[in-house]
Trainee: 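Sharing a structure here in structure tokens format.
On a predicted model such as this, the values are computed, not experimentally measured, just so you know. In listed order, ligands and their atoms are each counted from 1.
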Amino acid sequence: MMDKLTASVGTALDRFIQQKQEQFPYATGELSQLLRDIALAAKIINREINRAGLAGIEGGVGSDNVQGEAQQKLDMIADIRFTRALSKGGETCGIISEEIDGIIDTGNHHAKYVVAIDPLDGSSNIDVNVLVGTIFSIYRRRSPIGRPPTKEDMLQQGTEQIAAGYVLYGSSTMLVYSTGYGVNGFTYEPSLGEYFLSHPNMKCKEDGSIYSINEGGYNTFPEGLKSYLSTCKEREFSARYIGSLVGDFHRNLLKGGIYIYPSTSKYKKGKLRLLYECNALAFLAEQSGGMATDGYQRILEIKPEHFHERTPFYVGSPKMVKEAMEHLNEYEEEEVVSVKTIKVKA
Ligand SMILES: O=P(O)(O)OC[C@H]1O[C@](O)(COP(=O)(O)O)[C@@H](O)[C@@H]1O
Ligand SMILES: [Mg+2]
Ligand SMILES: [Mg+2]
């Protein structure tokens, strides 16, 4: 359905959500409430992040999450705050969080939505005052209303997302999300405690000249990727890497560019998690005219098997993602031929 009402810059988030809901005669307001729950929790996290150095909430908690990564205090605080806001809000029946092994059952068994969330993205940047984020995906549950959330509710393909977004805690705090009708960005005004529309109808540029990748693992990158990176360097593209996925994605969305987290010897399937990092950003990328793949297939079509499964991630300007994939496929074909040749010779 075409977006009849184009909200103008400065529209308060609450009003924007209401306007969108009114465009759907059968909307019941549950998704609107869920989005408000996320926006509320993000305000609290924003406050915690801004005063982290003073409040002694920097550093680790001395435990690892299910992926064996050291958990930071702010990882846990963010996880608790989002879980609490979503549980109290009443519209979320189950949550998958980066910080928790299994399904978080909120007890809201009457609710029809489930959420996958990376409460704090870019944890390695918390203590060095570099921007961090939150990433979330929202799905309609599959299991009958009234029951506890199930594995099937949480392990849905990215194409099934009802909404997705991120919060960026940077020089300003922004909430960027989509409900499947374009991508809109809101800037938080702390003195008023409110978000206002600042980036309506965000569009990803067809092409760009920024590439974002941690080249530390270069020696173990797929040959095709090495070849693509050479072309980026030949063209003197700008290398930009914050080390916070949300920040790198946001910059490339605004300026044009490609973000890559490939398979490496340390992370055979890439480092990033499908359910609460890649699916959400792939949804936003496609909603804004960008592209997101694992190098070979659309991220949104990957059928998840595990809550914390990882995937290689190639996202951004479609022309750049397509070219990177061409290089990957070219080298893959050559590798197949060379194996066949060796076999024939043997
Ligand atoms: O340090 P690396 O290997 O480049 O990884 C950085 C990537 O890892 C992440 O920090 C992973 O996310 P979390 O911080 O939520 O675990 C991404 O934000 C970032 O893009
Ligand atoms: Mg993350
Ligand atoms: Mg995280």
Side-chain angles (χ1 to χ4, degrees), residues 38 41-42 45 48-49 52 58-61 63-83 95-101 104 115-137 164-170 176 210-221 225 229 239-253 257-282 284-285 292 299 307-316:
I38 289 176
I45 301 301
E48 300 296 335
I49 288 172
E58 290 184 333
V61 286
S63 61
D64 293 352
N65 64 20
V66 63
Q67 293 131 76
E69 289 159 352
Q71 289 173 311
Q72 305 297 306
K73 286 182 189 148
L74 267 167
D75 282 324
M76 301 315 291
I77 291 169
D79 179 64
I80 292 164
R81 290 290 184 182
F82 279 105
T83 301
I95 303 169
I96 285 291
S97 163
E98 178 190 359
E99 304 309 330
I100 306 292
D101 189 358
I104 301 167
V115 172
I117 191 161
D118 177 356
L120 204 92
D121 176 66
S123 310
S124 62
N125 280 328
I126 295 171
D127 294 355
V128 291
N129 207 359
V130 172
L131 69 82
V132 291
T134 292
I135 310 174
F136 62 90
S137 285
Y166 58 83
V167 184
L168 187 66
Y169 310 100
V176 176
I210 293 173
Y211 65 104
S212 312
I213 185 168
N214 178 348
E215 291 199 71
Y218 182 87
N219 294 338
T220 71
F221 285 174
L225 175 56
L229 292 175
R240 292 280 183 279
Y241 192 72
I242 298 168
S244 291
L245 170 62
V246 167
D248 286 309
F249 177 86
H250 186 75
R251 181 209 41 251
N252 293 353
L253 176 59
I258 185 171
Y259 170 96
I260 302 171
Y261 207 108
S263 60
T264 65
S265 61
K266 188 174 170 195
Y267 297 107
K268 297 255 175 322
K269 288 201 73 182
K271 178 184 181 183
L272 302 174
R273 283 53 58 113
L274 177 63
L275 248 62
Y276 43 78
E277 290 173 319
C278 302
N279 268 338
L281 300 185
L284 295 171
I299 289 287
F307 298 146
H308 303 281
E309 74 179 67
R310 301 175 193 263
T311 177
F313 197 38
Y314 294 71
V315 61

Trainee: Is Val246 near ligand 1, meaning one of its heavy atoms is under 4.0 Å from it?
Mentor: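 Val246: no contact with ligand 1 (<4.0 Å).
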Trainee: What are the two closest non-hydrogen atoms of Phe136 and Ala280, and how far apart are they?
Mentor: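 Nearest heavy atoms, Phe136 then Ala280: O-CB, 3.4 Å.
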Trainee: Does an N or O anywhere in Lys271 fall below 3.5 Å from an N or O of ligand 1?
Mentor: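 For ligand 1, there is an N or O atom that lies under 3.5 Å from one belonging to Lys271.
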Trainee: What protein heavy atom is closest to atom 3 (O) of ligand 1, reported as residue, atom name and distance in Å?
Mentor: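 Residue, atom and distance for the closest contact: Tyr261 OH, 2.6 Å.
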Trainee: Quick one: do Ile260 and Phe221 satisfy side-chain contact (heavy atoms from CB on, under 4.5 Å)? Show the steps, please.
Mentor: CA-CA 11 Å; Ile260 302 171; Phe221 285 174; over 6 Å; no
Trainee: Below a 4.0 angstrom heavy-atom separation, can you tell me which part of Arg273, side chain or backbone, both or neither, approaches ligand 1?
Mentor: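 It is the side chain that gets close, since no backbone atom is under 4.0 Å.
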Trainee: Within a strict 4.5 Å, meaning less than it, do heavy atoms of the Ile117 and Thr83 side chains meet?
Mentor: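 They are not in contact (no side-chain heavy atoms under 4.5 Å apart), so the answer is no.
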Trainee: Counting only heavy atoms, which portion of Asn214 has something under 4.0 Å from ligand 1: side chain, backbone, both, or neither?
Mentor: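 Only the side chain of Asn214 comes within reach of ligand 1.
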Trainee: Identify, for atom 19 (C) of ligand 1, the protein heavy atom at the shortest distance, and state residue, atom and that distance.
Mentor: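 For this ligand atom, the closest protein heavy atom is Gly243 O, 3.3 Å.
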Trainee: Can you check the angle at the Mg ion (ligand 3) formed by OE1 of Glu98 and OD1 of Asp118? Round it to the nearest 10°.
Mentor: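 It is 80°, given to the nearest 10°.
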Trainee: Of Tyr166, Tyr169, Tyr276, which meets side chain to side chain donor-acceptor pair (under 3.5 Å) against Thr134?
Mentor: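 Single side chain to side chain donor-acceptor pair (under 3.5 Å) partner of Thr134 among Tyr166, Tyr169, Tyr276: Tyr169.
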Trainee: Hey, is Lys266 one of the residues with a heavy atom under 4.0 angstrom from ligand 1?
Mentor: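 Lys266: no contact with ligand 1 (<4.0 Å).
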Trainee: For Ser244, is at least one N or O under 3.5 Å away from an N or O on ligand 1?
Mentor: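 No; every N/O pair is 3.5 Å or more apart.
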Trainee: Check each heavy atom of Asn125 against ligand 1 and say whether those closer than 4.0 Å belong to the side chain, the backbone, both or neither.
Mentor: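 Neither part.
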Trainee: Measure from the Mg ion (ligand 3) to each N, O or S atom of Leu120 and report whether any distance is below 2.8 Å.
Mentor: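 True for Leu120.
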Trainee: Taking non-hydrogen atoms only, is Leu245 closer than 4.0 angstrom to ligand 1 via side chain, backbone, both or neither?
Mentor: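 Under 4.0 Å from ligand 1, Leu245 contributes backbone and side-chain atoms.
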Trainee: Looking only at protein heavy atoms, which one is nearest to atom 20 (O) of ligand 1, and how far off is it?
Mentor: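 For atom 20 (O) of ligand 1, the nearest protein heavy atom comes out as Tyr259 OH, 3.0 Å.
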Trainee: Among protein heavy atoms, which sits nearest to atom 4 (O) of ligand 1, and what does the distance come to when rounded to 0.1 Å?
Mentor: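 Atom 4 (O) of ligand 1 sits closest to the protein heavy atom Tyr241 OH, 2.6 Å.
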Trainee: So, of the N/O/S atoms that Glu277 has, which is the nearest one to the Mg ion (ligand 2)?
Mentor: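 Going through the N, O and S atoms of Glu277 one by one, OE2 ends up nearest to the Mg ion (ligand 2).
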Trainee: For a quick test of reading the model, state the closest non-hydrogen atom pair linking Pro119 to Ser97 and the distance between them.
Mentor: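 Reported closest heavy-atom pair: CG-OG, 3.4 Å.
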Trainee: Apply side-chain contact (heavy atoms from CB on, under 4.5 Å) to the pair Tyr241 and Tyr211, showing each step before the final yes or no.
Mentor: CA-CA 8 Å; Tyr241 192 72; Tyr211 65 104; over 6 Å; no
Trainee: When you look at CG of Asn129, are more than 12 heavy atoms from neighbouring residues, nucleotides or ligands closer to it than 6.0 Å?
Mentor: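 For Asn129, atom CG is not crowded (no more than 12 foreign heavy atoms under 6.0 Å).
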Trainee: With a 4.0 Å cut-off on heavy atoms, is Tyr267 in contact with ligand 1?
Mentor: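 Outside the 4.0 Å threshold, so no.
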Trainee: Using a strict 4.0 Å cut-off to heavy atoms of Glu277, name the atoms of ligand 1 that fall inside it.
Mentor: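 Reading through ligand 1 atom by atom, the close ones are 11 (C), 12 (O), 13 (P), 15 (O).
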Trainee: What is the name of the N/O/S atom of Asp121 that is nearest to the Mg ion (ligand 2)?
Mentor: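 Going through the N, O and S atoms of Asp121 one by one, OD1 ends up nearest to the Mg ion (ligand 2).
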Trainee: For a quick test of reading the model, state the closest non-hydrogen atom pair linking Ile126 to Leu120 and the distance between them.
Mentor: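 So the two residues come closest at CD1-CD2, 3.1 Å.
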Trainee: Contact between Ile242 and Arg251 at the side-chain level, heavy atoms closer than 4.5 Å - yes or no?
Mentor: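 In short, these two side chains touch, coming nearer than 4.5 Å.
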Trainee: Looking at Arg273 and His308, what are the two nearest heavy atoms and their distance?
Mentor: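 Answer, listing the atom of Arg273 first, then His308: CG-O, 3.8 Å.
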Trainee: Out of all atoms in ligand 1, which are within 4.0 Å of some heavy atom of Ser123? Include the element for each.
Mentor: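 Within the 4.0 Å cut-off of Ser123, ligand 1 contributes 14 (O).
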Trainee: Let me see the working for Tyr218 and Leu229 under side-chain contact (heavy atoms from CB on, under 4.5 Å), right down to the final yes or no.
Mentor: CA-CA 10 Å; Tyr218 182 87; Leu229 292 175; 4.1 Å; yes
Trainee: Counting from 1, what ligand 1 atoms have a heavy atom of Asp118 closer than 4.0 Å?
Mentor: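 Close to Asp118: 15 (O).
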Trainee: Can you check whether Leu272 has an N/O within less than 3.5 Å of an N/O in ligand 1?
Mentor: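 It does not: no N or O of Leu272 is found under 3.5 Å from an N or O of ligand 1.
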Trainee: Can you name the one residue among Ile100, Leu74, Asp118 that meets side-chain contact (heavy atoms from CB on, under 4.5 Å) with Asp79?
Mentor: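 Per the side-chain contact (heavy atoms from CB on, under 4.5 Å) rule, the option paired with Asp79 is Ile100, out of Ile100, Leu74, Asp118.
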Trainee: If we ignore angles and hydrogens, is there a donor and acceptor under 3.5 Å between the side chains of Asn279 and Ser137?
Mentor: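 On atom types as modelled, these side chains do not qualify, holding no pair under 3.5 Å.
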